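Starting from 1, each residue takes its place in the sequence as its number. Not measured: the values here are computed from a predicted model.
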Amino acid sequence: MGPLFPTPCIVLLVLHATLSPASLSPEDYAADEAERTANSDNIIFDDYRGKVCVDDSGFVYKLGERFFPGHSNCPCVCTEDGPVCDQPECPKIHPKCTKVEHNGCCPECKEVKNFCEYRGKTYKILEEFKPSPCEWCRCEPNNEVHCVVSDCAVPECVNPVYEPEQCCPVCKNGPNCFAGTTIIPAGIEVKVDDCTICRCHNGDWWKPAQCLRRECLNGQTLS
């Protein structure tokens, strides 16, 4: 009967020779790589289509579950065909809206200004004011200012004046007209010099006065 130990030693040496990289040829590496590639092509991945929905952030939702995508405030429902999202026709925001909230699917106006702005000042709704002596204004319910400008009559004089807090000019000395460079009152004959008598045209104050010059001698009118 021979010794017992040499046989296992021979087996270990054979195994060591089999696993040694030096014993593998380049052709063996190529064959192993081809086998691994073939195995990876046969990997089966789970198909989630028609089963769940995934939003832009990667969150997963079950069929029938409602969720809000990150880019919108309108809710979506997960269906077998993918997310179905509400797309309502939102009403227009009032142009005078001063506070808009975006909590819901559509933006909502929470506050509309109840005043008017005119020339840097604010006025309450239906408030009346006079920004100048010739203007009468009111703040309308639509937040717009409506103004009426006074229509002044043509003054019946050549030297009208503007009084404080009055829109239209006034003739402080009554109707008049020009006789040359002299202003004379209307309605009467006026002797502008020793030989000339003038009178304003009736109602035509802007026309020069009608004047009658008589023959004079040493400042005395000749008859």
Nearest heavy-atom neighbours spanning Q166 and V170:
OE1-CG1, 3.7 Å
Contact between V100 and H102 at the side-chain level, heavy atoms closer than 4.5 Å - yes or no?
yes
So which atom in G174 and which in C157 form the shortest heavy-atom distance, rounded to 0.1 Å?
O-CB, 3.6 Å
Measure the spacing between SG of C167 and OH of Y162 and express it to the nearest 0.5 Å.
8.0 Å
Ion pair present between K110 and E108, side-chain N to carboxylate O less than 4.0 angstrom?
yes
pair P83-C53: side-chain heavy atoms closer than 4.5 Å
yes
N142 atom CG, neighbour heavy-atom count above 12 within 6.0 Å:
yes
Check SG atoms, C74 and C105, less than 2.5 Å apart:
yes
Looking at C76, is its backbone amide N or carbonyl O close enough to the side chain of D86 to form a donor-acceptor pair, meaning the two atoms are under 3.5 Å apart?
no
Let me confirm one number: the OH-CG distance from Y61 to D55, rounded to the nearest 0.5 Å.
4.0 Å
Heavy-atom count around F115 CZ within 6.0 Å, excluding the residue itself: above 12?
yes
Rounding to 0.5 Å, atoms SG (C171) and CG (N159) come to a distance of 6.5 Å
Nearest heavy-atom neighbours spanning Y123 and C139
O-SG, 3.6 Å
Polar side-chain atom of H201 near backbone of P208 as donor-acceptor pair, under 3.5 Å:
yes
Heavy-atom count check: over 12 atoms from other residues, nucleotides or ligands less than 6.0 Å from Q87 CD?
no
To the nearest 0.5 Å, how far apart are NZ in K124 and SG in C116?
12.5 Å
V158 backbone acceptor or donor facing N176 side chain under 3.5 Å
yes
Within a strict 4.5 Å, meaning less than it, do heavy atoms of the K51 and K62 side chains meet?
no
Could you grab the distance from atom NZ of K99 to atom CD of E101, nearest 0.5 Å is fine?
5.5 Å
Which residues pass the side-chain hydrogen bond (donor to acceptor under 3.5 Å, both in side chains) test with N114, not counting sequence neighbours?
none
Taking less than 2.5 Å as the test, are the sulfur gamma atoms of C97 and C109 close enough?
yes
pair P107-C90: side-chain heavy atoms closer than 4.5 Å
yes
Could you check whether any side-chain heavy atom of N143 comes within less than 4.5 Å of a side-chain heavy atom of I125, counting everything from C-beta outward?
yes
For residues C78 and V52, report the shortest heavy-atom separation together with the two atoms involved.
SG-C, 3.7 Å
Minimum heavy-atom separation for E80 to L63, with atom names?
N-CD2, 3.7 Å
Check: C106 and P88 side chains under 4.5 Å, non-hydrogen atoms:
yes
Answer whether the closest heavy-atom distance between the side chains of I183 and C177 falls below 4.5 Å.
no
So, the side chain of T196 versus the backbone of R213: is there a donor-acceptor pair under 3.5 Å, distance only?
no
With no hydrogens and no angle check, is any side-chain donor or acceptor of T79 less than 3.5 Å from a backbone partner on D81?
yes
Quick one: are F59 and V54 in side-chain contact, heavy atoms under 4.5 Å?
no
Checking K121 against Y118: charged group under 6.0 Å from the ring centre and within 45 degrees of the axis?
no
Distance from F68 atom CZ to C85 atom SG, nearest 0.5 Å?
10.0 Å
Could you pull out the closest heavy-atom pair between R119 and P131, with the gap in Å?
NH1-CB, 3.8 Å
More than 12 heavy atoms from other groups under 6.0 Å of CD on E128:
yes
Give the C-alpha distance, both sets of side-chain angles, the deciding distance and a yes or no for salt bridge (charged side-chain N to carboxylate O under 4.0 Å, His left out) between E140 and R138.
CA-CA 6 Å; E140 301 294 346; R138 184 173 73 173; 3.2 Å; yes
Shared ILVMFWY cluster between F178 and V154, side chains joined below 4.5 angstrom?
yes
